[in-house]
Every structure is written in structure tokens, then in C-alpha cells.
**Student:** 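Pasting in a structure now, in C-alpha cells, and then I'll have a few things to ask.
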Amino acid sequence: MRAIADRVCRDLRAYSEFDRVMVYQFDDDYNGAVIAEACAEGYEPFLGLHYPSSDIPPQARELYRKSWLRIIRDVNDEGSPICARADFGKPLDLTFSTLRSVSPVHIQYLKNMGVHASMSISLLTPSGELWGLIACHHYDGAKFLNYPARAACIHYAMIISTRLTEREERQQFIEKSKRREKLPQAIQLLFANDDVQSGLVANAPVFMELLEADGLAICDASWVESTGSTPDGDVIAGVNDALDEKFSDQSVVSVESLNDFGISGLGKSAGVLRIKISADWQLLVFRDEHVHSVTWGGNPEEAETLDEQDRLTPRGSFEAFVTEVRGRCRRWTSVDMVIANEVRSSLAAYIIQQNQRLAELNTELASRNSEIQQFAYSVSHDLKSPLVTVNGFIEAVLEDLDSGDMEEVRHSLDRIRGAVSRMGALIEDLLAYSRVGKHDGTPAAVDVKAQLVELGEDYEPLIADRGIVFELEEEYPEVIGYDLDVRRAFQNLVENAIKYMPEDAPVKRISIGANTSRKESVFSVSDTGAGIAPEYHERIFGLFERLHRDKDGTGVGLATVAKIMEQHGGRITLESELGSGATFHLHFPRAKTKTTQ
Amino acid sequence: MNDDILTKFLLVEDDDDHAHLTLRSFKRSALANHVDRVADGVEALEYLRREGAYADKKLPDVVLLDLKLPRKGGLEVLEEIRGDDALKHLLVVILTTSPTEADREVAYRLGVNSYLVKPVDFDKFAAMVKDLSLYWGVWNRPSPMK
């Protein structure tokens with residue numbers, strides 16, 4: 001940008017032959033600084049000098065925004081009054097008049113500087129804001145540019161305006177992008193923590209770098225936590241209150257000089273930027289005092305004085321005048337504000353996400369809790385039941401021993417043995433049930449075909465003994481899951497089918513088919529047994545639910561299968577009518593299997 | 001023995017061993033009782049409604065109902081009894097191994113007459129059966145509405 005400005009000065013001086021051509025840039029408060037200059041030999045350079053905003057007052061700036069060029073041929077020219085028609089009725093608007101006279105204060109200002117003729121051309125941002133000026137001074141006599149030359153200058157200023165502001169915007173954009181890049185990473189770091197506040201404390205250096213801060217404080221109504229260079233906790237609370245009073249609940253506000261609030265004990269900190277995250281708490285970003293000197297074109301304190309006739313007069317001296325700026329921090333730039341706003345929205349989004357996650361966890365916990373309660377209840381009932389049996393028959397044995405009824409004793413002992421082995425089976429089954437989904441590894445492709453063939457071999461003696469036909473297909477699709485769990489699901493279903501196959505069934509067949517759709521692979525275990533009435537189709541998958549009164553069933557087998565399917569992101573369904581066999585369908589999702597531990 | 005002077009119990013119990021022990025306890029009590037047993041909730045309602053094989057059964061004086069039953073649970077049976085004009089006056093006593101508060105709450109809401117938890121100790125169990133047959137069979141006078 002400086003290079004462009006330098007070039008502008010050289011080109012325009014060569015073209016216009018003014019003694020001095022400067023590019024003058026405004027800051028946010030309309031103080032100006034000379035950022036480039038081309039000057040005839042023998043004149044003192046103005047480059048780097050600052051001028052207070054009062055040097056170019058608001059009404060002048062407003063004029064500069066509207067008209068591109070002003071020229072004063074000779075500061076000593078006498079103006080000629082323009083007489084309006086008597087019936088015109090209002091003052092004449094000379095905004096767009098190039099040859100109009102200017103304010104006597106300005107003429108005096110130029111004379112004080114030793115300027116004989118001057119021209120200034122506006123530099124505007126694309127949105128029409130005053131960015132700066134090209135100021136041309138001539139010292140050696142009057143100087144005038146004719147209309148075509150002026151038009152060329154205006155045209156030139158228009159092009160340069162675009163170039164300069166574009167360049168500045170691009171620089172801001174690059175800085176913004178560079179800093180913005182760090183934001184997702186910073187937010188990501190928060191995820192490792194339990195809550196946002198402790199996350200911010202733990203990762204304070206990252207956020208300080210992001211906001212180019214020296215210190216960081218998080219505070220709510222009763223609590224302040226700070227890191228880096230900040231005032232003490234009490235003072236921070238005071239700063240926060242002062243900001244509340246001045247800005248009420250604006251989400252992002254900044255102050256460069258906290259001294260203005262009359263707060264003592266600020267220490268090194270001079271400025272603060274506050275990001276209100278929620279109604280309850282906020283992030284205060286502190287910057288230390290930035291002591292620096294500014295070289296003014298003349299004493300800025302004398303910018304406006306009154307002369308003997310109480311007229312406003314410009315200062316008489318333009319000697320370089322150095323002031324030291326104290327009690328202020330480095331400027332909070334528009335990029336700082338943009339980043340602060342993005343930090344705020346990212347944190348807000350993160351908090352919402354956290355809350356959602358918390359709500360989900362709570363729901364999950366509640367459902368787990370009721371599951372555990374149900375489980376404990378069922379276990380206590382089903383484990384206590386055989387104990388009642390054992391105890392009761394021991395008592396019976398004692399009675400029968402007294403009476404010598406050995407037949408009855410034998411019978412009671414059989415019952416005791418049955419109850420004990422039932423308890424053993426129940427405990428085994430419960431362990432298997434509770435182990436579902438508890439694996440160290442990750443889900444992998446399971447060769448179902450190999451598993452089913454093996455299953456057939458394992459049960460071969462039992463199947464043959466009962467005269468059952470066991471039918472498998474040639475091919476089965478793979479599923480993604482845990483080998484042992486998938487095997488147990490099939491095993492439980494096949495075992496049930498064998499166990500509950502009526503001895504007098506006309507056809508005794510167990511077959512396993514498979515079907516694949518876009519979304520899932522479905523394995524169907526069918527039997528020609530007694531079938532299950534529709535009203536029990538849901539209930540039989542519950543823990544300890546039994547349809548049969550036989551001693552072999554613990555009521556855990558199908559619940560285990562259902563749990564396995566759930567863990568694999570699938571489900572189990574049942575198709576059956578009383579008297580026409582049953583088919584259990586295992587639906588495994590085909591896409592990536594989701595498992596929960 | 002005249003059937004009418006006996007207190008008639010219907011024991012709804014799926015566990016053969018428990019049924020055996022309950023019957024043994026009844027015998028021990030040496031009270032004049034008649035106990036029929038069915039093994040699940042569906043059979044219990046068939047018995048009470050005198051359906052199928054139970055066509056010639058008389059209504060019992062007291063139903064001893066287990067909670068955890070195959071096919072139809074004890075609480076469902078209780079609900080159906082209380083919703084059935086012909087059965088709602090029946091004395092129903094829950095006899096279970098489950099001390100769960102939730103079950104108890106539902107059982108009383110559905111209008112159970114008493115809720116008993118089976119003790120593991122057989123002597124206590126036998127004493128309980130004796131007391132319950134004494135109380136519900138001898139001392140207690142049921143509502144005259146039938």
C-alpha cells in the first residue's frame with residue numbers, strides 16, 4: 001500500500017508540478033497521518049507527521065466525501081461575493097462549486113504553513129467513506145490547473161482510491177483469514193474438557209494468541225478466573241460492572257483506555273474487549289498499556305485557539321511536535337472485533353452442542369438406570385426362586401428322613417439338584433448376557449457361513465437324535481460385527497429351535513436362509529415347531545420371559561439375542577403363528593456397523 | 001368330606017418345585033383346605049372362567065397368584081379378574097419372591113387383597129402358608145356380594 005501511495009505522490013507531482021504532493025490517511029477517529037510524500041528539494045519533509053482531527057473538521061470532511069477536488073489558486077486571492085436573486089429565499093449551495101472560496105480559517109491555516117496554493121483530492125472507500133486525501137501544496141507563487149487537468153486528477157484519484165482501499169481490505173482479509181484459521185483448532189481443544197469455562201482456562205494461551213491479548217479472564221456474577229496479564233479479580237469484576245453500565249448487554253464491546261472509567265488498580269492492563277457468551281458469563285480479553293509516541297505537525301493541543309477578536313484560528317506553528325501516548329492499549333481493530341464475534345458464536349454453538357450432549361447422556365442414563373433396576377429385580381426374583389426350592393426340599397428331606405420315606409427323600413434331592421443346576425445355568429446365561437458388546441477389538445467382517453457350518457457340526461448328535469433336518473444355504477452374506485456375539489445369536493436361536501421342537505411334529509426341520517437388500521442383510525432361522533402366538537411376539541425378547549414351564553429355559557437366551565442385535569445396530573423380528581412354526585429374522589445393517597460399548 | 005366346608009384355593013404357580021412346597025406347607029398346616037394348581041396366567045383365567053378342561057370347576061375362595069408367570073403375568077391376571085364382573089369379588093393374594101416396590105404399588109392399585117413375599121427359609125414359608133390359610137380361609141369373612 002505504501003508503495004502505491006509513494007507512486008501516486010511521484011506521478012501526481014510530475015504531472016501537476018506542485019511543490020509537495022502527499023497522501024494523507026485518516027484513522028478511525030479522523031486523526032490523519034502523512035503516509036507518502038513527494039517534495040521539491042529544499043522543503044522540510046512532512047512524511048510520518050500526524051494531524052489532529054480538528055485540522056479537518058466534520059463539515060469539511062462531509063464536503064470532501066461529496067466532491068472529489070478542491071483547488072485554491074492563491075491564498076491571497078480576494079473572493080468575489082455571489083449575489084443571489086432577492087426572491088431566491090435560501091442560501092446558495094456551493095458544495096459542487098470548484099471555484100468557490102474556502103473558510104477563512106483554512107486560508108489562515110495554509111498561510112501559517114507557508115502554502116501559497118493548494119489542491120486536495122479525496123480518496124474514498126467503495127462505500128463512499130473518506131479514506132484519505134491527496135494533498136498538494138505549492139509554495140512558490142500561485143498555481144492553477146485547468147479543467148482537463150483537474151478532470152485527469154479526479155479520474156486518477158478514483159482509480160487510486162480503488163487500488164488503495166482494495167489493497168487495505170485485502171490486507172485485512174488476509175490477516176482475518178490467518179487468525180480465523182486458528183479458531184476451529186482452538187474450539188476443538190475445548191472438547192477435551194468437561195465444560196467450556198475450564199476448557200477456556202486450560203487453553204488460554206491459544207485464545208490469547210487468537211485475540212492478540214495479554215490476559216484473559218472468565219467471569220460470572222460470583223466468580224472470576226484469570227490468566228496472563230490482567231488486573232486482580234476484584235478489579236476485573238469492577239471492569240465488568242463498568243462495561244455493563246456503559247454498554248448494557250451488547251455481545252462484543254471494546255475499550256482502549258480503561259482509565260476513562262476511573263477504575264484504579266488496573267496494573268499493566270489498559271484496554272479490554274468483552275465477549276458476552278451467555279446471560280450468565282463472559283470472556284474479558286485484556287491488553288497491556290501500549291506506550292508509544294506520535295509526531296504531530298505542530299502541537300495538537302493548540303489545534304484550535306481563539307484570536308484577539310474571539311475568532312477561531314488555526315495554530316501558528318507546524319514544527320514537529322512529539323507526544324507520548326499513555327494509558328491506552330493497542331487499538332482493537334475491526335479484525336479483532338470480527339474474530340471476537342466469531343469466538344463468541346463458536347463458543348455459543350459449542351455450548352449448545354454440549355448441552356445437547358448432556359441432555360442425550362441424561363436420557364441414556366435414565367434409560368440405563370431403569371434397565372439396571374429391571375435387571376436387578378429380575379435377577380433377584382429368578383435367583384431367589386431356586387433358593388426357595390433348595391431350602392424347602394432340604395427341610396422336606398429332614399422330615400422324610402425321620403419318617404423313613406426314602407423314596408420321597410430321593411425325590412427331594414433330585415429337586416434340589418435341579419434347582420442348583422438351574423441356578424448355575426442362570427448365572428452362566430446372565431454373564432453371557434452382560435458380556436454382549438463388551439469387546440476390546442473393533443467390529444470386523446464375520447464369516448457367517450463358516451459359523452453356521454460349525455454350529456451344524458456341534459449340534460449334529462442332538463439333531464440326529466431327535467430326527468431333525470438341519471438345512472443351510474450355499475452362500476451367506478458377511479456381516480460386520482463381533483465374531484463371538486454373532487455366533488451366540490445364531491446358537492441361541494438354533495438351540496431354542498431344537499429344544500422346543502415337539503417330539504410328535506410331522507416335519508422336523510430347522511433352516512437358515514438369508515436375504516440382502518441395499519440397507520441390510522437379513523438371516524432367517526426357521527423351524528417347524530409349535531409356533532408362537534402373536535400376543536407373545538414382543539414379550540419373549542424380554543429378560544427372564546418364558547413361554548414354557550420347562551426347567552431348561554432361563555428366559556435369558558432371546559433377550560441376549562435381542563441385545564446382540566441392538567449392539568450391532570440391527571434388530572430381531574419374529575414371524576410366527578401358533579401351530580405353524582416360527583421364523584426369527586436377524587437384521588444386520590449393511591452400512592458401517594455402529595456399536596456402543 | 002363335604003366339599004363346601006373346605007376353603008378352596010387356586011394356586012397359580014409356574015415353578016413345579018414351589019408348587020410342591022406350597023402344597024406341602026398346606027398339608028403341614030393340617031387345616032381343611034382344597035388346593036388346585038395351574039401353571040400360568042392364561043390357565044388361571046381359563047380355570048376361573050371355567051373354560052375347556054376347567055368347565056366343571058367351582059370358583060375358589062382365594063386365588064394365590066405368583067407374579068412372574070409364563071404367557072400372562074400375575075398383574076395382568078389380577079387386572080382381568082378385577083375387570084370381570086363374575087370374578088371381581090374374588091380374594092386375590094399375591095405370593096411372590098419379588099419384593100419390588102413398583103410391583104407392590106401396581107398390585108394394590110389393581111385391588112389385590114394382600115401381597116406376600118416368599119421367605120427363603122422353608123419353616124417361615126410353611127408358617128406363612130399356614131397363617132394365610134387360617135386368616136383368609138377361617139377368620140376372614142369375605143364380602144357377601146357374589
Side-chain angles (χ1 to χ4, degrees), chain A residues 370 373-400 403 405 408 411-423 426 500 530 532-537 539-540 542-551 553-555 578, chain B residues 11-30 37-45 66-76 80 94-107 116-130:
Chain A
S370 83
Q373 250 179 23
Q374 183 61 29
F375 186 76
Y377 153 61
S378 299
V379 168
S380 74
H381 176 275
D382 279 59
L383 283 180
K384 199 177 152 192
S385 180
L387 275 183
V388 171
T389 303
V390 168
N391 240 307
F393 281 102
I394 287 174
E395 206 60 40
V397 165
L398 292 175
E399 276 177 21
D400 294 334
S403 68
D405 187 346
E408 198 54 31
H411 171 255
S412 294
L413 287 175
D414 273 349
R415 302 263 175 153
I416 290 170
R417 186 163 57 193
V420 169
S421 73
R422 194 145 35 93
M423 229 171 148
L426 191 56
Y500 299 114
I532 297 158
E535 60 260 42
Y536 304 121
H537 282 195
R539 172 186 278 201
I540 55 167
L543 195 56
F544 298 118
E545 291 290 353
R546 276 169 298 188
L547 287 187
H548 305 272
R549 228 165 19 85
D550 70 85
K551 298 293 183 191
T554 57
L578 208 53
Chain B
L11 175 64
V12 190
E13 172 63 83
D14 63 319
D15 187 310
D16 287 341
D17 294 341
H18 284 210
H20 182 96
L21 291 171
T22 311
L23 291 173
R24 200 176 168 110
S25 303
F26 270 114
K27 244 182 246 164
R28 229 198 217 194
S29 77
R37 180 229 171 174
V38 290
D40 67 38
V42 174
E43 278 179 32
L45 287 166
D66 191 10
L67 282 186
K68 199 90 178 167
L69 293 167
R71 296 208 280 173
K72 191 166 272 180
L75 292 174
E76 286 170 84
E80 288 204 33
I94 300 270
L95 189 58
T96 176
T97 46
S98 159
T100 320
E101 221 174 273
D103 281 343
R104 234 160 56 214
E105 194 192 308
V106 177
L116 303 175
V117 178
K118 294 177 197 170
V120 173
D121 185 284
F122 182 70
D123 279 337
K124 283 185 190 159
F125 182 54
M128 190 176 86
V129 171
K130 183 179 176 182

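Here is the naming used below: chain letters follow the sequence lines, and residue numbers restart at 1 for every chain. What you see below is based on every heavy atom in this structure, not just the backbone, and it leaves out hydrogens, waters and symmetry mates.
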**Student:** Taking NZ, NE, NH1 and NH2 as the nitrogens, is one of them in B:Asp15 or A:Arg415 under 4.0 Å from a carboxylate oxygen of the other?
**Tutor:**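 No salt bridge links B:Asp15 with A:Arg415.
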**Student:** Please walk me through it: do B:Asp17 and A:Phe393 pass side chain to side chain contact (heavy atoms under 4.5 Å, CB included)?
**Tutor:** CA-CA 8 Å; B:Asp17 294 341; A:Phe393 281 102; 3.7 Å; yes
**Student:** Tell me which of these, B:His20, B:Lys118, B:Lys72, has more heavy-atom pairs under 4.5 Å with chain A than the rest.
**Tutor:**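 Heavy-atom pair counts peak at B:His20.
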**Student:** B:Val117 versus A:Lys384: any side-chain heavy-atom pair under 4.5 Å?
**Tutor:**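 Side-chain contact under 4.5 Å: yes.
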**Student:** Between A:Glu399 and B:Arg28, is there a side-chain heavy-atom distance shorter than 4.5 Å?
**Tutor:**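 The answer is yes, as the side chains (C-beta and beyond) meet within the 4.5 Å cut-off.
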**Student:** Would you give the length of the straight line joining atom OG of A:Ser412 to atom CG of B:Leu21, rounded to the nearest 0.5 angstrom?
**Tutor:**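 If I round to the nearest 0.5 Å, the distance is 8.0 Å.
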**Student:** Got a second to check how far A:Asn391's CG is from B:Lys124's NZ, nearest 0.5 Å?
**Tutor:**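 Going from CG on A:Asn391 over to NZ on B:Lys124, the span is 10.0 Å.
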**Student:** Starting at CG of A:Leu387, measure out to CG of B:Asp121 and round the result to the nearest 0.5 Å.
**Tutor:**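 Atom-to-atom, A:Leu387:CG and B:Asp121:CG are 11.5 Å apart.
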**Student:** Is chain A contacted by the side chain of B:Thr96, its backbone, both, or neither, given a heavy-atom distance below 4.5 Å?
**Tutor:**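 Answer is side chain: those atoms of B:Thr96 sit under 4.5 Å from chain A.
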**Student:** Between A:Ala419, A:Gly555, A:Ala533, A:Ala396, who has the most heavy-atom pairs with chain B when the cutoff is under 4.5 Å?
**Tutor:**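 Sorted descending by pairs with chain B, the first entry is A:Ala396.
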**Student:** Go through the atoms of B:Arg24 and report whether side chain, backbone, both or neither lie under 4.5 Å from a heavy atom of chain A.
**Tutor:**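 It is the side chain, since no backbone atom gets that close.
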**Student:** With a sphere of 6.0 Å drawn around CD of B:Glu105, does it hold more than 12 non-hydrogen atoms of other residues, nucleotides or ligands?
**Tutor:**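 Atom CD in B:Glu105 is not packed in, count stays at 12 or less.
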**Student:** Look only at the side chain of B:His18 and the backbone of A:Ser385, and say whether a donor-acceptor pair between them is shorter than 3.5 Å.
**Tutor:**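 Checked: pair present.
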